[in-house]
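Excluded from the calculations below are hydrogen atoms, water molecules and symmetry mates; all remaining heavy atoms, backbone and side chain alike, are included.
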Number of protein chains: 2
Amino acid sequence: MSKLSSELDQAFRAAALRPTAQRYAVLEFLAEHRVHATAEEIFDAVNRNDPRASRATVYNNLRALAKAGLVREVMSEGKAARFDANLRRHHHFICERCSAVEDISWFDLPPSAGRAALGGRNVTNYEIVFRGSCVRCRDSKSKQGAKS
Amino acid sequence: MSKLSSELDQAFRAAALRPTAQRYAVLEFLAEHRVHATAEEIFDAVNRNDPRASRATVYNNLRALAKAGLVREVMSEGKAARFDANLRRHHHFICERCSAVEDISWFDLPPSAGRAALGGRNVTNYEIVFRGSCVRCRDSKSKQGAKS
DNA sequence: TCTAAATATAGACCGTGTCTAAATTGAGCT
DNA sequence: AGCTCAATTTAGACACGGTCTATATTTAGA
Ligand SMILES: [Mn+2]
Ligand SMILES: [Mn+2]
Ligand SMILES: [Zn+2]
Ligand SMILES: [Zn+2]
């Protein structure tokens, strides 16, 4: 029993979610590939190995996992939602050339920042979204962004 | 000739976009209603008065205006894209109860912030997305968020 | 006024995501 | 192991946001 698999099992138990093979495969993919995958990418990946999962099941599980807090839906540029199994608080970087979404480890805003600008709003959370060129794209001249 | 209309005309001329009635109506709506409207909301608003514009035209113009830099597509929660005619650099606040998207006037991150966390990435821009309750929702007890 | 390029339009089409209804599976019980 | 029932899976229909195509109209400019 691998470390990951026992961690996932425990997460399922804590969330009162049955550890089905399909659900396991979805969460495992997100845990192992921290690239903020879309539902379609997860669907493809899961169906490359066994067990297979239908499109509906991938969506169902992403919703269930999100509700249970084991996965987050992250804001993204395109129309397709992206999912994140990194539960630690963090910022994001979006590469404008290859569209990669990368994690930026957390740091707080200085406590005074934006105090006036925020007016009477009750802020419970925030995130910084950085944009620019990722390391691979920065080093390549191509117009298309570095390839995978 | 109103101040707004001459400003818009000038913007069109500078962007080498023909000032058609439909295009004018789309940009005018965004300039006057700074609520980060969706394409559908703009379509509805424009078709309440003259001139009318087809759905395709609204989308075409939003793309053209975005390419010309007269409008920005802003990240949003739902599946529908939201557009912003506020060209000044600013942050955003998203109300988690009523889904309103509000502008937060710009302030810089302290220059040292996140230096290490950003690694070798070439950051050309950033934005802070705050979440919580807007002023209207903060004051109301309702589960649904304050009404429009 | 004449012409060429830009724009507008209706409707087909596509990708992303949700829903429905029926089949399967899993957990608790005996 | 069998029984039972709720959770889950599944295929396919459906809904929505958005794009594309083909054609008609408008605009800028000569
Ligand atoms: Mn992330
Ligand atoms: Mn804005
Ligand atoms: Zn990149
Ligand atoms: Zn609100």
Output the rounded distance in Å from [atom1] ([X]) to [atom2] ([N]).
X     : N      : atom1 : atom2 : answer
B/N61 : C/dA6  : CG    : C1'   : 11 Å
B/R82 : D/dG18 : CZ    : C1'   : 16 Å
A/I42 : C/dT16 : CD1   : P     : 13 Å
B/K67 : C/dT7  : NZ    : C1'   : 13 Å
B/D44 : D/dC16 : CG    : C1'   : 14 Å
B/Y24 : C/dA6  : OH    : P     : 24 Å
B/L17 : C/dA5  : CG    : P     : 18 Å
B/Y59 : D/dT21 : OH    : P     : 18 Å

Going by the rule side chain to side chain contact (heavy atoms under 4.5 Å, CB included), which residues pair with [X] if we only count those two or more places apart in sequence or in a different chain?
X      : value
A/V123 : A/L118, B/F93, B/F130
A/R48  : A/D44, A/A45
A/D108 : A/R89, A/W106, A/Y126
A/A15  : A/L17, A/A68, A/L70

(message) So if I define the base as every atom that isn't primed, P, OP1 or OP2, how would nucleotides 22-30 of chain C read as a B/S/- string at a heavy-atom cutoff under 4.0 Å?
(response) ---BBS---
(message) At under 4.0 Å between heavy atoms, how does the protein contact nucleotides 9-15 of chain C? Give one character per nucleotide, 5' to 3', with B, S or -.
(response) BBB----
(message) So if I take every side-chain heavy atom of B/R63 and compare against D/dC20, C/dG17, D/dG18, which nucleotide ends up nearest?
(response)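 Among D/dC20, C/dG17, D/dG18, the one nearest the side chain of B/R63 is D/dC20.
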(request) Hey, could you give me the CZ/CG distance between B/R55 and B/N60, rounded to the nearest 0.5 Å? (result) 11.5 Å
(message) To the nearest 10°, give me the bend of the helix from C/dT1-D/dA30 to C/dT30-D/dA1, comparing the axes of its five terminal pairs at either end.
(response) 40°
(message) Please list all pairs meeting side chain to side chain donor-acceptor pair (under 3.5 Å) that have one or both residues in residues 110-124 of chain B, counting only residues at least two apart or in different chains.
(response) A/E102-B/R121
(request) Apply ring-ring contact (aromatic ring centres under 6.0 Å, His included) to B/F43 and list each qualifying residue two or more places apart in sequence or on a separate chain. (result)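 Scan of B/F43 (ring-ring contact (aromatic ring centres under 6.0 Å, His included), adjacent residues dropped) gives none.
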(request) Only counting residues at least two apart or in another chain, list the ones meeting side-chain hydrogen bond (donor to acceptor under 3.5 Å, both in side chains) with B/R72. (result)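 Residues passing side-chain hydrogen bond (donor to acceptor under 3.5 Å, both in side chains) with B/R72: B/H90.
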(request) Identify, with sequence neighbours excluded, every residue that meets side-chain hydrogen bond (donor to acceptor under 3.5 Å, both in side chains) alongside A/E127. (result)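 Applying side-chain hydrogen bond (donor to acceptor under 3.5 Å, both in side chains) to A/E127 gives A/H92.
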(message) Using side-chain heavy atoms (C-beta onward) and a distance below 4.5 Å, is B/V26 in contact with B/L65?
(response) yes
(request) Could you check whether A/A81 gets within reach of a base, just the sugar-phosphate, or nothing at all, counting any heavy atom under 4.0 Å? (result)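 Sugar-phosphate contact only - A/A81 comes under 4.0 Å of backbone atoms but never of a base.
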(message) Give me each pair satisfying ring-ring contact (aromatic ring centres under 6.0 Å, His included) with a member in residues 48-89 of chain B, each pair once, sequence neighbours excluded.
(response) none
